[in-house]
Structure formats: C-alpha cells, structure tokens
Q: 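Would you mind keeping the following structure in view while I ask a few things?
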Amino acid sequence: MKIIFGYYDDQDFGLTEYPDIPYPDEKDFDTFEEYAEAGEKIGEYTKFLITEIMEYFQYPESCDEILNEIKNMENGKSFGVEWDGQAFQYKITNHYVQFIHTIFGESEEYPLWTCRLKEYKKVLQAWKSFLELPKSLDSKVEVNI
C-alpha cells in the first residue's frame, strides 16, 4: 500500500494537506474478495492511522516526541507508551500501536484497531518529512507500507 502526502489548493483556506492512498487495480487480484479486502484496509488506514497522524502531529517537533519514544523502545529503554491524541487513545508497544476512540471507546463505528509498529513509524516519519518541505503544490512524500 502506498501513501502519498501532498497539498491541494483550497479556495477558502489556501494550500491544504491531504493524504492519498491509490486504489490497486482490480486485475492485480485473484478474486473480487481479495480486492474488496484491500479496499477495506485502505479505508481503515485512512480512518485511523493517517487521519490521526495528520490531526495530532501538526509540526515536525511533535513527530519527534513520539519518534524518540519509539527509539527508546527499540533500544530497550522503554517497554511502551500510552497517551491521548485528538480522537484516539494510543498504546504503543514494541510490536504494535493500538487505537481506541477517546469518546466512543470500542464501538461499532470505532472498533479497537491496531497496526504494526513499523508501519506506524514509517508513516509518521513520512509525515514529518512532508511537514519539513516547503508549502507548495509540488511538495509530496510517498511511503510504501
């Protein structure tokens, strides 16, 4: 799955950040069910991971805080971290990041969701790199997870 961070020119707000996850070509899958699963995964990553990273980490420095926590875990100085984000509570372990909605908790609309730590870290690093670029329609960062 490829995630692209870029800008679009909003008539009211000027250059505005956006994420894009291109849908794969249906012919790349053996069955329609596999294709539908890929689409569902894209929706989950957009709803949970990407939206929250873009809302919570609005400056490169805020990305550094959690990237340092992850580095401490990787170096054995920490065993995990928990905190409240904009819409989700996070539990970060050496293997995964768990998201639970701060208002609704675990619900039908917002089930408990997890992703692998390496995916979370990769997307957060890409987002930080994007934030460090000049604000321009030409600025884009792509990451494969």
Side-chain angles (χ1 to χ4, degrees), residues 1-8 10 13 15-26 28-145:
M1 175 176 5
K2 179 170 47 173
I3 300 169
I4 304 166
F5 293 111
Y7 288 101
Y8 70 94
D10 184 276
F13 300 106
L15 290 181
T16 304
E17 302 93 352
Y18 75 90
D20 184 29
I21 302 178
Y23 267 77
D25 194 332
E26 190 174 351
D28 294 336
F29 295 87
D30 293 331
T31 66
F32 179 77
E33 288 78 19
E34 290 176 356
Y35 176 70
E37 282 180 27
E40 186 175 314
K41 185 175 180 180
I42 288 170
E44 289 174 349
Y45 274 71
T46 301
K47 180 178 182 177
F48 293 97
L49 177 63
I50 297 168
T51 301
E52 186 65 9
I53 282 178
M54 290 179 65
E55 287 180 12
Y56 188 77
F57 301 104
Q58 296 183 3
Y59 305 99
E61 300 79 23
S62 58
C63 298
D64 286 336
E65 290 176 32
I66 203 65
L67 288 170
N68 286 333
E69 291 287 343
I70 292 171
K71 185 177 181 180
N72 286 337
M73 286 188 307
E74 292 171 338
N75 293 332
K77 295 179 182 176
S78 171
F79 297 104
V81 64
E82 294 183 23
W83 90 96
D84 291 337
Q86 295 286 11
F88 294 94
Q89 294 171 324
Y90 298 91
K91 178 180 179 184
I92 300 177
T93 72
N94 287 328
H95 303 289
Y96 65 87
V97 179
Q98 183 179 73
F99 295 67
I100 187 163
H101 201 278
T102 55
I103 296 170
F104 304 116
E106 191 174 344
S107 66
E108 188 176 328
E109 182 68 25
Y110 291 99
L112 189 63
W113 188 81
T114 61
C115 68
R116 295 182 318 201
L117 177 63
K118 69 180 191 174
E119 292 175 329
Y120 182 84
K121 180 180 175 184
K122 219 173 179 183
V123 174
L124 185 57
Q125 288 171 325
W127 175 244
K128 178 186 177 210
S129 296
F130 174 72
L131 292 175
E132 293 171 332
L133 293 174
K135 200 169 184 174
S136 161
L137 289 173
D138 297 328
S139 293
K140 289 190 181 358
V141 171
E142 293 184 17
V143 62
N144 287 309
I145 60 169

Q: Given side chains that start at C-beta, do those of Leu15 and Leu137 come closer than 4.5 Å, heavy atoms only?
A: yes
Q: So Trp113 and Lys47, do their side chains get closer than 4.5 Å, heavy atoms only?
A: no
Q: Atom NZ in Lys91, atom CD1 in Ile100: separation rounded to 0.5 Å?
A: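 Output value for this atom pair is 11.0 Å.
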Q: Please check if the number of heavy atoms outside Tyr59 that lie under 6.0 Å from its OH is greater than 12.
A: no
Q: Find out whether Phe5 and Lys140 are in side-chain contact, i.e. whether some heavy atom of one side chain is under 4.5 Å from a heavy atom of the other.
A: no
Q: Kindly compute the distance separating CG (Leu124) from CD1 (Ile50), expressed to the nearest 0.5 Å.
A: 12.0 Å
Q: To the nearest 0.5 Å, what is the distance between CD1 on Ile103 and CD on Gln89?
A: 10.5 Å
Q: Inspect the surroundings of NZ in Lys71 and state if more than 12 heavy atoms from other residues, nucleotides or ligands are less than 6.0 Å away.
A: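 No.
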Q: Using 4.0 Å as the upper bound for N to carboxylate O, is an ion pair formed by Glu37 and Lys41?
A: no
Q: Quick check: closest heavy atoms across Tyr120 and Phe57, and the distance to 0.1 Å?
A: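 Nearest pair, atom of Tyr120 first, then Phe57: OH-CE1, 3.6 Å.
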Q: Would you confirm whether Lys128, through its side chain, and Asp64, through its main-chain N or O, come within 3.5 Å as a donor-acceptor pair?
A: no
Q: Give me the atom names and distance for the closest heavy-atom approach of Cys63 to Leu131.
A: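 Residues Cys63 and Leu131, closest heavy atoms: SG-CD1, 4.3 Å.
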Q: For the atom pair CZ (Arg116) and CD1 (Ile145), what is the distance rounded to the nearest 0.5 Å?
A: 8.5 Å
Q: If I take atom CG from residue Asp84 and atom OH from residue Tyr56, how far apart are they, to the nearest 0.5 angstrom?
A: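 If we round to the nearest 0.5 Å, Asp84:CG and Tyr56:OH are 8.0 Å apart.
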Q: Run the numbers on Tyr45 and Glu119 for side-chain contact (heavy atoms from CB on, under 4.5 Å), then give the verdict.
A: CA-CA 10 Å; Tyr45 274 71; Glu119 292 175 329; 2.6 Å; yes
Q: How far does CD1 of Ile53 sit from CD of Glu55, to the nearest 0.5 angstrom?
A: 11.5 Å
Q: Do other residues, nucleotides or ligands put more than 12 heavy atoms under 6.0 Å from the NZ atom of Lys118?
A: no
Q: Would you say the side-chain atoms of Thr114 pair up with the backbone N or O of Val97, donor to acceptor, closer than 3.5 Å?
A: no
Q: What closest approach, in Å, do Ala38 and Phe29 show between heavy atoms, and which atom pair accounts for it?
A: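 Smallest interatomic distance, heavy atoms only, reads CB-CZ, 3.6 Å.
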Q: Relative to the ring of Phe88, is the ring of Phe48 parallel (under 30°), tilted (30 to 60°) or perpendicular (over 60°)?
A: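 Taking Phe88 first and then Phe48, their aromatic rings sit tilted (interplane angle of 30° to 60°).
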Q: Is the closest side-chain heavy-atom distance between Glu26 and Phe32 below 4.5 Å?
A: yes
Q: Do Tyr90 and Phe99 have their ring centres less than 6.0 Å from each other?
A: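 Yes, the ring centres sit under 6.0 Å apart.
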Q: On a heavy-atom basis, which atom in Thr93 and which in Leu117 lie closest, and how many Å separate them?
A: O-CD2, 3.4 Å
Q: Are the side chains of Glu17 and Phe130 in touch, meaning some heavy atoms are under 4.5 Å apart?
A: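 A side-chain contact exists here, since the closest heavy-atom pair is under 4.5 Å.
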Q: Is a donor on one side and an acceptor on the other found under 3.5 Å between the side chain of Ser139 and the backbone of Pro134?
A: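 Confirmed, Ser139 side chain pairs with Pro134 backbone.
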Q: State, to 0.1 Å, how close Ala126 and Val141 come at their nearest heavy-atom pair, and which atoms those are.
A: O-CG1, 3.6 Å
Q: Under 30°, 30 to 60°, or over 60°: which ring-plane class applies to His101 and Tyr110, parallel, tilted or perpendicular?
A: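 It falls in the tilted class, 30° to 60°.
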Q: Any idea which heavy atoms bring Ile42 and Pro24 closest together, and the distance?
A: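 Reported closest heavy-atom pair: CD1-CD, 3.8 Å.
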Q: Is the closest side-chain heavy-atom distance between Ile92 and Met73 below 4.5 Å?
A: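 Yes, side chains in contact.
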